[in-house]
Protein chains: 4
Amino acid sequence: MSLLNYTIAFIGLGNMGGPMAANLLKAQAKVKVFDLVPGAVAELKSQGATAANSAIDAVDGADIVISMLPAGKHVQSLYLGDSERATAGLMDVLGKNTLVIDSSTIDAATSIAVGTALSEKGIRFLDAPVSGGTAGAAAGTLTFIVGGEEAAYQSALPVLQAMGKNIFHAGQNGAGQIAKICNNMLLSVLMLGTSEALQMAIDNGLDPKVMSDIMLQSSGRNWTLELYNPCPDVMPNVPSSNDYKGGFMVDLMRKDLGLALDTALKSHSSTPMGAMAQNLYNMHSMQGNGQRDFSSIFELFSAQKPKI
Amino acid sequence: MSLLNYTIAFIGLGNMGGPMAANLLKAQAKVKVFDLVPGAVAELKSQGATAANSAIDAVDGADIVISMLPAGKHVQSLYLGDSERATAGLMDVLGKNTLVIDSSTIDAATSIAVGTALSEKGIRFLDAPVSGGTAGAAAGTLTFIVGGEEAAYQSALPVLQAMGKNIFHAGQNGAGQIAKICNNMLLSVLMLGTSEALQMAIDNGLDPKVMSDIMLQSSGRNWTLELYNPCPDVMPNVPSSNDYKGGFMVDLMRKDLGLALDTALKSHSSTPMGAMAQNLYNMHSMQGNGQRDFSSIFELFSAQKPKI
Amino acid sequence: MSLLNYTIAFIGLGNMGGPMAANLLKAQAKVKVFDLVPGAVAELKSQGATAANSAIDAVDGADIVISMLPAGKHVQSLYLGDSERATAGLMDVLGKNTLVIDSSTIDAATSIAVGTALSEKGIRFLDAPVSGGTAGAAAGTLTFIVGGEEAAYQSALPVLQAMGKNIFHAGQNGAGQIAKICNNMLLSVLMLGTSEALQMAIDNGLDPKVMSDIMLQSSGRNWTLELYNPCPDVMPNVPSSNDYKGGFMVDLMRKDLGLALDTALKSHSSTPMGAMAQNLYNMHSMQGNGQRDFSSIFELFSAQKPKI
Amino acid sequence: MSLLNYTIAFIGLGNMGGPMAANLLKAQAKVKVFDLVPGAVAELKSQGATAANSAIDAVDGADIVISMLPAGKHVQSLYLGDSERATAGLMDVLGKNTLVIDSSTIDAATSIAVGTALSEKGIRFLDAPVSGGTAGAAAGTLTFIVGGEEAAYQSALPVLQAMGKNIFHAGQNGAGQIAKICNNMLLSVLMLGTSEALQMAIDNGLDPKVMSDIMLQSSGRNWTLELYNPCPDVMPNVPSSNDYKGGFMVDLMRKDLGLALDTALKSHSSTPMGAMAQNLYNMHSMQGNGQRDFSSIFELFSAQKPKI
């Protein structure tokens, strides 16, 4: 599908945003880009994008704005402005009916606050966090989990499909963020539960390949056994078989678990498994594993056993 | 496939053992049965089995012995005898090369002790615990997870196939028990992790059907989302949509988790998620839910929220 | 000691603030009071306070301002104003060198933000959360844990001593809040650990009085065994011997644990025991125990045991 | 007090048993000693003990037998014999009314089984595990927690007082073991809860000495803050201020926690805090800390923090 008629502003060209913007260019969209790092802008310019000098410059004439930023404070500052630094927010310059898609993974409260403020100006807003990592961003196979009005969601679909493969509509504004962190909190629990079950089997003399195969066909089946076995050498081409390099970093899982528990505290939700996972990932990171793949948590269980 | 040439002794005719023995009869095996409850024996006799007066009577002339008993002490007493009550064990009467299949879910240590003692007498032993519940026992669709020698496993296959659908060979003697409890420990973690993720989504305004659908297609995918959603009215024909009736009882999960943690203590395995699950299931049982389906643990999370 | 020369504005006259202000009156201070609930103001007026029509009215002419409010947002709004409602904050009306003592239990981040904003206007600020409950507030035996400059702390001491018995200086602004929630997080862990140890002893036939006595003289000794035994009828005159009435409510412990875990998330601190406690207290509250004493968590462990 | 008229057999002369037997000699008892390690026997002989060639030799003529062995299987084998090795147990040679005191820390089930078997022969049995470590054993300041009949307890008191300072009577046979592991399970929870609270305070800029002092005078007070602060350099002369050398080893705490959780599984007791502690101590041991003092668990929390 072609995006020939779309003018898109893309703000935030990091490891994820850069390749996402590149995929929009491949789909023939007109893309104006901005990032605080000049080199990131230059890279996209070399691929056909129009370089902007500021976020406000980038959105000039755009009918769609996409942002991909590290944390809630950056998103808030971009759209609502920053009173401390006396900088204006995009909310003051965007035209009515502009469609804003924020793909940052941030707390739902900020997402809702930004969405509400934009709505009051007649600007349409979707929170659309992604999963799939840098590989998915490059390949255009990301998963988008979207929160916002149905009509806005439908408008965004062609653009999202140029960057991703699975697109879900989770509910109203904020629901994209909530759904993503609920899923990732559960993923961390699957990874830990699978790791400890596999290692207990090994400790009792079983072959982890046989054990993995049995659980895969039984009620222990889950995504980590299907695609991401944490035990080295059970599965080819996964981080556990490559010294836990690549994949999804421990510190990114830790960030998502932090967002999840912050949400749980606010909604008075009980999450004993998620809280345990958050603490174990925090400890694992503190022991120097923050940059390794998140399946390296397996090593918490496979370290040398005590003798007595 | 026909078992016409098999003479099988079946000991233990409870909710599981009864229908399993019945399936052997349907496959045309000659089956001699014993249970401490006379009515259970009479029921099988009415279906074509030969009633025995004792376990020793039952195994007379059998080339295969199958047992399905509640706990390790019963299995030990049946095969090794009971010095306190001065009763003999089957080990003293079984002929060489008899194939013994114990389908009880018990601790691996007892399984290994019994298997070792029988081996020394030339008797072949397999531990072959099942999953699938009473429905699977009646339908002949149980899963068997088997530990023991390859040759014995091959000999047992036709018999196991008459009672079950999926048959796994987990490893040496005891491995069947280990594999089953590792799987069930992981299952309890999946159930708890899925429950808390779904409820947190609900607490933040999401529809549990939408959330379940998203996670099913994402990295949170697991057996409970596929076949056994714990949130009422997301899935038809599961216990959660039937007031948590039927299915796999809380107290049976609690029993399996007890076996799992006992194993973890002995092998010095770390199982923080399993230990959390065991305690939460224990508390859930203590609050009067022991006879309900194990997905009722969802109610720990969905009870009324505090206001402040 | 007399506070004859002090003019104190007291804002927030709830279950805690009311009796605290009354103790200042008993110490002969001149006290101007304000609360959104007119009856609370009237009650203090009947004890000798000057009634104010607003917070701004209350602080007029005061050299010391004390606030006792439910949550961080109220404290922020009181001192910094509320841009949404276009109300001014006290920071715009207080004179230089006014000493502000906020005794609310709130998140340290808000405390620091308020303190920093006031400091920039030359106003001195102390966070001074209390423990000791409504009984301690009435008796003037509260514990104050104070954060802020040493000189301001020294100035506040006579006033705090009129309302409390133990006064600690924890460190810089915010340290009072941090120290209080660290202590209360630990307290929740002591209460849970003591409860499960006592119940396990009971489950194995021991007398909880004997067990309590042994642990009190051994390495299990802790504040709950000394003063607040959670097992009914071990100790007279504690909530556990009075159907868990009175004392420190479950929902207040839950609030403090929420503040603690929020702090832990922000400082990347691992708190597995505190996280477990927070979840167990949340579940306990969800089951209808929010208004009971926090030692009622003992019932999580003492409910009827499963039979198998 | 003098033990001049006592003839005592002491079996098991390790790091604990050796100095305990030495203290009996200092109190003028006649002591016959046995250990599988000849050097241990020789050491006690040099201090005035009579060397025995076997346990059976040692108890000949003794009116009191004391044992101090590593695990339940050793205690069972010593008293009840070992059918596999065809060795007799002391139960077959001890005279009626002999008083047996087993000071090993073992599972209560074994203690009760041994006690019951001895009782049937008219032999009196006490389980009397100790705490206080090798320093307490040498100084004669151990704590004994005793289970068994009141009369036997009274008979044992003079002997126990020669080796210890605090002597508790916990209840019937087995109660000594139960009380000790309940206490030590709680101790592990106090150590972890205190560690995480202190580190969270440090992470937020507080001084651990100030924080310790505040909690010591507040509701967070517990034995570890009083006598065994886990944070380096808060307290002199504790393992944390000596690179976690000396004191009570991680692997001994791990052993006690294993006994505690095994007991909890058998009595269907919920122990979420103890289970968490057991897993954290297991992981800590697996990372190479088994021989360090148990307060080194503090390092789980104080490792370098992640940056994001």
Within residues 126-150 of chain A or reaching into it, pairs that qualify as ring-ring contact (aromatic ring centres under 6.0 Å, His included) - sequence neighbours excluded: none
Using a 4.5 angstrom heavy-atom cutoff, name the option from A:Met191, A:Glu196, A:Gln172 with the most pairs to chain B. A:Glu196
Please identify, among B:Ile145, B:Val210, B:Asn204, the residue contributing the most non-hydrogen atom pairs under 4.5 Å to chain A. B:Asn204
Quick one: of B:Gly132, B:Ala197, B:Pro272, who has the most non-hydrogen atom pairs under 4.5 Å with chain A? B:Pro272
For B:Leu227, is it the side chain, the backbone, both or neither that has a heavy atom under 4.5 Å from a heavy atom of chain A? side chain
Winner by heavy-atom pair count (cut-off under 4.5 Å) against chain B, out of A:Ser219, A:Gly220, A:Ser188: A:Ser219
Examine the side chains of A:Ser212 and A:Asn229 and answer whether a donor and an acceptor come within less than 3.5 Å of each other. yes
Inspect the surroundings of CG in B:Asp207 and state if more than 12 heavy atoms from other residues, nucleotides or ligands are less than 6.0 Å away. yes
Do A:Asn282 and A:Gln278 have side-chain N/O donor and acceptor atoms under 3.5 Å apart? no
Atom group of B:Thr271 that falls short of 4.5 Å from chain A, counting heavy atoms: both
So what's closer than 4.5 Å to chain A heavy atoms on B:Met215: side chain, backbone, both or neither? both
Are A:Asp262 and A:Lys266 close enough, and set up right, to give a salt bridge (charged side-chain N to carboxylate O under 4.0 Å, His left out), and what steps lead you there? CA-CA 6 Å; A:Asp262 184 50; A:Lys266 282 175 181 144; 3.0 Å; yes
Whether the B:Ser269 and A:Asp203 side chains hold a donor-acceptor pair (N or O, under 3.5 Å, no angle test) is what I'd like checked. yes
B:Met200 portion near chain A, given a 4.5 angstrom heavy-atom threshold: both
Please classify the contact of B:Asn183 with chain A as side chain, backbone, both or neither, using a heavy-atom distance under 4.5 Å. both
Working to the nearest 0.5 Å, report the span between CD1 of A:Ile214 and NZ of A:Lys209. 14.5 Å
Please verify the inter-ring angle class for A:Phe294 with A:Tyr228; under 30° counts as parallel, over 60° as perpendicular, anything in between as tilted. tilted
Quick check on B:Ala260 against chain A: is it the side chain, the backbone, both or neither that has a heavy atom closer than 4.5 Å? both
Heavy-atom distances under 4.5 Å only: say whether B:Leu198 touches chain A with side chain, backbone, both or neither. neither
Apply side chain to side chain donor-acceptor pair (under 3.5 Å) to B:Asn222 and B:Thr194, showing your working. CA-CA 8 Å; B:Asn222 68 79; B:Thr194 299; 3.0 Å; yes
Heaviest contributor of heavy-atom pairs below 4.5 Å to chain A, chosen from B:Ala108, B:Gly274, B:Ala170, is B:Ala170
If you count heavy-atom pairs within less than 4.5 Å of chain B, which of A:Ala175, A:Gly193, A:Gly171, A:Ser218 leads? A:Ser218
Could you tell me which portion of B:Glu226 (side chain, backbone, both or neither) has an atom closer than 4.5 angstrom to a non-hydrogen atom of chain A? side chain
